[in-house]
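Just so we're on the same page: letters track the sequence lines, and every chain starts at 1.
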Amino acid sequence: MLPVAEQLAVITRGVVDLHVRSELEARLEESIKTGKPLRVKAGFDPTRPDLHIGHAVLMAKMRQFQDLGHHIILLVGEFTAMVGDPTGKNELRPRLSREEVRAAAKTYTDQAFKILDPSKTEIRSNAEWLDEMKLVKVVELMATMTVSRMLERKDFAQRYAEGRPIYQHEFLYPLLQGYDSVELNCDIELGGTDQLFNLLVGRDLMPRYGLRPQIVITTPLLEGTDARIENGVIVGKKMSKSADNYIGLTEPPIDMFRKVMQIDDDVIFRYFELLSSRSTQEIEELKREKAEGRDPREIKALFARELVTRFHDEAAAIAAENEFKQVYSGHAVPQDVEEVTVTTEGPTLWIAKALSSAGLVKSTGEGKRLVEQGGVEVDQTRVTDANLQLERGKRYLVRVGSKNRRFKYIYVAP
RNA sequence: GGAGGGUUGCCCGAGUGGCCAAAGGGAGCAGACUGUAAAUCUGCCGGCUAUGCCUACGUUGGUUCGAAUCCAACACCCUCCA
């Protein structure tokens with residue numbers, strides 16, 4: 001094992017909160033002396049299987065602990081997922097069935113193992129102990145925390161102040177998550193900054209059960225692909241599916257690549273710092289090169305390639321880069337364009353109708369609008385006539401959109 | 001249990017009988033300019049081949065020639081009192 005100072009340097013890189021540093025040092029020292037790895041827990045709620053690269057920030061930190069020789073416990077919040085953590089968006093999360101949770105947990109771990117070493121990862125589910133928890137124990141647990149303490153949590157406080165609903169089971173959530181740490185007797189718990197409150201509840205709870213309090217470390221939440229830099233500070237919503245500013249871990253290579261290339265030129269460094277395996281020095285070097293006039297597209301492509309390589313493979317990354325260059329910079333047609341067959345009653349088919357039947361737009365109204373606005377190409381030529389009729393028995397190559405180009409061959413069946 | 005306030009499109013938010021498919025803003029989309037990004041400007045932004053029709057302002061019913069707007073019941077949320 002590495003000496004304490006070196007481990008600390010790795011552990012604290014890029015983290016937001018660390019409670020408490022001196023305890024961490026002591027615990028690392030002890031671990032080196034006894035040869036016992038620290039028990040590091042990171043939990044996740046398998047609420048929805050829509051993982052994006054924002055989640056990968058935490059996974060990368062977990063991986064660092066593994067590389068330092070510590071023991072990672074990946075806690076599946078199978079039970080807590082059904083309770084539903086109050087979201088940052090202050091909406092009540094839907095409660096999920098056990099089946100949905102299981103499916104989501106599977107996709108989560110599949111993705112996590114693209115970063116984590118499965119042989120060094122212990123997967124546990126809190127349903128193991130929470131399913132059978134007796135009411136007396138629940139009451140005991142609830143008696144450890146006051147309502148006003150709960151209301152310290154930002155989103156509770158906010159909702160309370162704004163007169164929006166808070167349900168009682170939501171108060172239970174942090175307690176249950178904290179109790180997981182008691183069951184697992186963790187040395188350290190990791191989470192996103194949004195989890196700080198919950199993590200600290202665990203820390204408070206442990207001594208009440210006769211355990212040493214866990215050390216709490218949080219990683220930043222990655223801003224979405226639509227983030228901007230204003231006055232040197234990154235601004236923008238967190239990456240999320242609902243804000244549609246995410247890069248999914250299972251997205252096709254070309255989409256990953258495209259989305260990275262559409263990130264703001266300066267914001268890309270945030271991504272580098274939180275996700276790239278490049279060293280801090282290398283990243284600084286890239287920043288310097290950009291300042292000296294290197295094409296930002298090249299720098300973004302470096303990150304895009306690294307990302308696609310990690311979640312797919314190197315061949316996919318190269319292919320994606322080539323396709324991107326051809327399709328977006330060179331206006332070429334991608335290799336694998338899907339062909340759809342649409343039918344028509346009459347001798348011809350209205351373009352707007354064809355677009356919606358082919359699934360390229362949501363409605364014929366939208367199709368018509370796009371044509372009117374010049375957002376549609378048929379056989380590589382921009383369509384200007386919103387009344388264009390496609391002929392029966394012919395096959396057309398249609399392109400819709402610009403930022404996110406969609407191509408299809410439309411065959412008008414006789 | 002009692003009293004009062006609230007529920008409008010993806011989000012925020014105006015609208016208190018016809019001029020309301022519903023102001024304004026945000027988000028989003030398209031075009032121009034570009035680099036694929038930013039900034040800026042322009043246009044669009046419920047559905048339907050439509051000078052019209054359908055669906056929509058929590059739900060259901062009612063009043064009216066006509067309802068997001070008035071009435072009733074219900075549901076949900078909030079506040080105060082118990």
Side-chain angles (χ1 to χ4, degrees), chain A residues 87-92 156 158-168 170 223-247 254-271 290 293-305 320-332 334 344-357 360-377 382-390 398-406:
Chain A
T87 73
K89 291 189 69 226
N90 306 329
E91 281 163 17
L92 194 62
F156 285 145
Q158 202 174 331
R159 278 196 275 168
Y160 192 68
E162 289 172 9
R164 279 175 302 125
I166 300 172
Y167 292 87
Q168 295 188 78
E170 297 185 78
E223 287 77 10
T225 52
D226 56 353
R228 302 289 163 242
I229 299 279
E230 278 174 25
N231 306 319
V233 183
I234 187 164
V235 291
K237 290 190 293 283
K238 304 307 168 195
M239 180 171 286
S240 70
K241 184 155 193 170
S242 53
D244 197 20
N245 60 3
Y246 70 103
I247 300 177
I254 181 63
D255 290 328
M256 279 191 171
F257 204 96
R258 193 194 89 235
K259 287 184 179 183
V260 171
M261 293 306 278
Q262 287 173 341
I263 291 168
D264 180 90
D265 293 350
D266 295 305
V267 171
I268 195 69
F269 290 110
R270 172 81 166 162
Y271 283 64
K290 176 175 175 282
R294 183 172 178 189
D295 189 342
R297 286 176 293 174
E298 283 178 27
I299 296 170
K300 287 196 275 189
L302 285 178
F303 182 79
R305 213 179 299 150
E321 181 162 13
N322 287 335
E323 182 172 343
F324 180 83
K325 279 189 181 143
Q326 284 165 19
V327 174
Y328 284 88
S329 306
H331 302 286
T344 176
E345 303 283 297
T348 61
L349 179 62
W350 185 31
I351 179 71
K353 194 87 180 168
L355 293 177
S356 79
S357 305
L360 286 165
V361 295
K362 284 203 275 301
S363 64
T364 58
E366 187 183 335
K368 186 184 167 198
R369 201 182 309 134
L370 277 169
V371 172
E372 283 168 349
Q373 297 182 148
V376 176
E377 280 183 9
R382 178 182 290 177
V383 179
T384 46
D385 177 12
N387 267 322
L388 179 77
Q389 300 292 324
L390 302 183
V398 179
R399 189 196 108 183
V400 170
S402 148
K403 273 195 196 166
N404 177 17
R405 292 177 193 184
R406 286 150 285 160

**OP:** Apply salt bridge (charged side-chain N to carboxylate O under 4.0 Å, His left out) to the pair A:Lys237 and A:Glu223, showing each step before the final yes or no.
**Re:** CA-CA 6 Å; A:Lys237 290 190 293 283; A:Glu223 287 77 10; over 6 Å; no

Rounded distance in Å between the [atom1] positions of [N] and [M]:
N: B:rA22; M: B:rG15; atom1: C1'; answer: 8 Å
N: B:rA38; M: B:rC54; atom1: C1'; answer: 42 Å
N: B:rG2; M: B:rG47; atom1: C1'; answer: 46 Å
N: B:rC10; M: B:rU59; atom1: C1'; answer: 22 Å
N: B:rC57; M: B:rU69; atom1: P; answer: 9 Å
N: B:rC74; M: B:rC12; atom1: P; answer: 27 Å
N: B:rG62; M: B:rG9; atom1: P; answer: 25 Å
N: B:rU60; M: B:rU16; atom1: P; answer: 24 Å

Round to the nearest Å and state the distance from [X] atom [atom1] to [N] atom [atom2].
X: A:Glu377; N: B:rG31; atom1: CD; atom2: C1'; result: 13 Å
X: A:Glu298; N: B:rA37; atom1: CD; atom2: P; result: 18 Å
X: A:Ile247; N: B:rA37; atom1: CD1; atom2: C1'; result: 13 Å
X: A:Lys237; N: B:rC11; atom1: NZ; atom2: P; result: 14 Å
X: A:Arg294; N: B:rG35; atom1: CZ; atom2: P; result: 18 Å
X: A:Leu355; N: B:rC29; atom1: CG; atom2: P; result: 17 Å
X: A:Lys362; N: B:rG46; atom1: NZ; atom2: P; result: 11 Å
X: A:Gln262; N: B:rU34; atom1: CD; atom2: P; result: 19 Å

Nucleotide nearest [X] (side chain, heavy atoms from C-beta), chosen from [options]:
X: A:Arg228; options: B:rA37, B:rA30, B:rU36; value: B:rA37
X: A:Met261; options: B:rU36, B:rC44, B:rA38; value: B:rU36
X: A:Lys368; options: B:rA50, B:rG31, B:rA37; value: B:rA50
X: A:Lys353; options: B:rU36, B:rC48, B:rA38; value: B:rC48
X: A:Ser363; options: B:rC29, B:rG31, B:rC48; value: B:rC48
X: A:Arg369; options: B:rA38, B:rA32, B:rG47; value: B:rG47
X: A:Gln389; options: B:rG31, B:rG35, B:rU49; value: B:rU49

Kindly compute the distance separating [atom1] ([X]) from [atom2] ([Y]), expressed to the nearest 0.5 Å.
X: A:Arg270; Y: A:Asp264; atom1: CZ; atom2: CG; answer: 13.5 Å
X: A:Gln373; Y: A:Arg382; atom1: CD; atom2: CZ; answer: 11.0 Å
X: A:Asn404; Y: A:Arg258; atom1: CG; atom2: CZ; answer: 4.0 Å

Original post:
Any stacking of A:Trp350 on B:rU49, going by centres under 5.5 angstrom and planes within less than 30 degrees?
Top reply: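 Yes, A:Trp350 stacks on the base of B:rU49.
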
Original post:
Which residue lies toward the 5' end of RNA chain B, A:Ala386 or A:Ser402, if each is placed at its nearest nucleotide?
Top reply: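 Whichever sits nearer the 5' end wins; that is A:Ser402.
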
**OP:** Could you pick out which residue, A:Val400 or A:Arg297, lies toward the 5' side of RNA chain B when each is mapped onto its nearest nucleotide?
**Re:**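 The 5'-side residue here is A:Val400.
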
Original post:
Is A:Thr364 near enough to B:rG47 that one of its side-chain N or O atoms lies under 4.0 angstrom from OP1 or OP2?
Top reply: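 For B:rG47, OP1/OP2 do not have a side-chain N/O of A:Thr364 under 4.0 Å.
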
Mind checking who [N] pairs with, Watson-Crick or G-U wobble, both distances under 3.5 Å?
N: B:rG9; value: none
N: B:rA38; value: none
N: B:rA14; value: none
N: B:rA3; value: B:rU79
N: B:rA56; value: none
N: B:rC45; value: none
N: B:rG61; value: B:rC71

**OP:** With A:Lys290 as reference, evaluate A:Asp266, A:Asp295, A:Asp265 under the salt bridge (charged side-chain N to carboxylate O under 4.0 Å, His left out) test and give the passing residue.
**Re:**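 Only match with A:Lys290 under salt bridge (charged side-chain N to carboxylate O under 4.0 Å, His left out): A:Asp266.
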
Checking all strands, does [X] fall into the base, sugar-phosphate, or nothing category for heavy-atom contacts under 4.0 angstrom?
X: A:Lys403; value: sugar-phosphate
X: A:Asn387; value: base
X: A:Asp265; value: base
X: A:Arg258; value: nothing

Original post:
Should the pair A:Phe324 and A:Phe257 be assigned to parallel (<30°), tilted (30 to 60°) or perpendicular (>60°) ring geometry?
Top reply: tilted

**OP:** Examine distances only and state if a side-chain atom of A:Lys353 and a backbone atom of A:Thr364 form a donor-acceptor pair shorter than 3.5 Å.
**Re:** no

Original post:
So A:Val398 and A:Leu360, side chain to side chain contact (heavy atoms under 4.5 Å, CB included) or not? Walk me through it.
Top reply: CA-CA 9 Å; A:Val398 179; A:Leu360 286 165; 4.0 Å; yes

Original post:
Does a distance-only test, which skips hydrogens and angles, find a donor-acceptor pair under 3.5 Å between the side chain of A:Gln373 and the base of B:rG43?
Top reply: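 Side chain to base: pair found, below 3.5 Å.
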
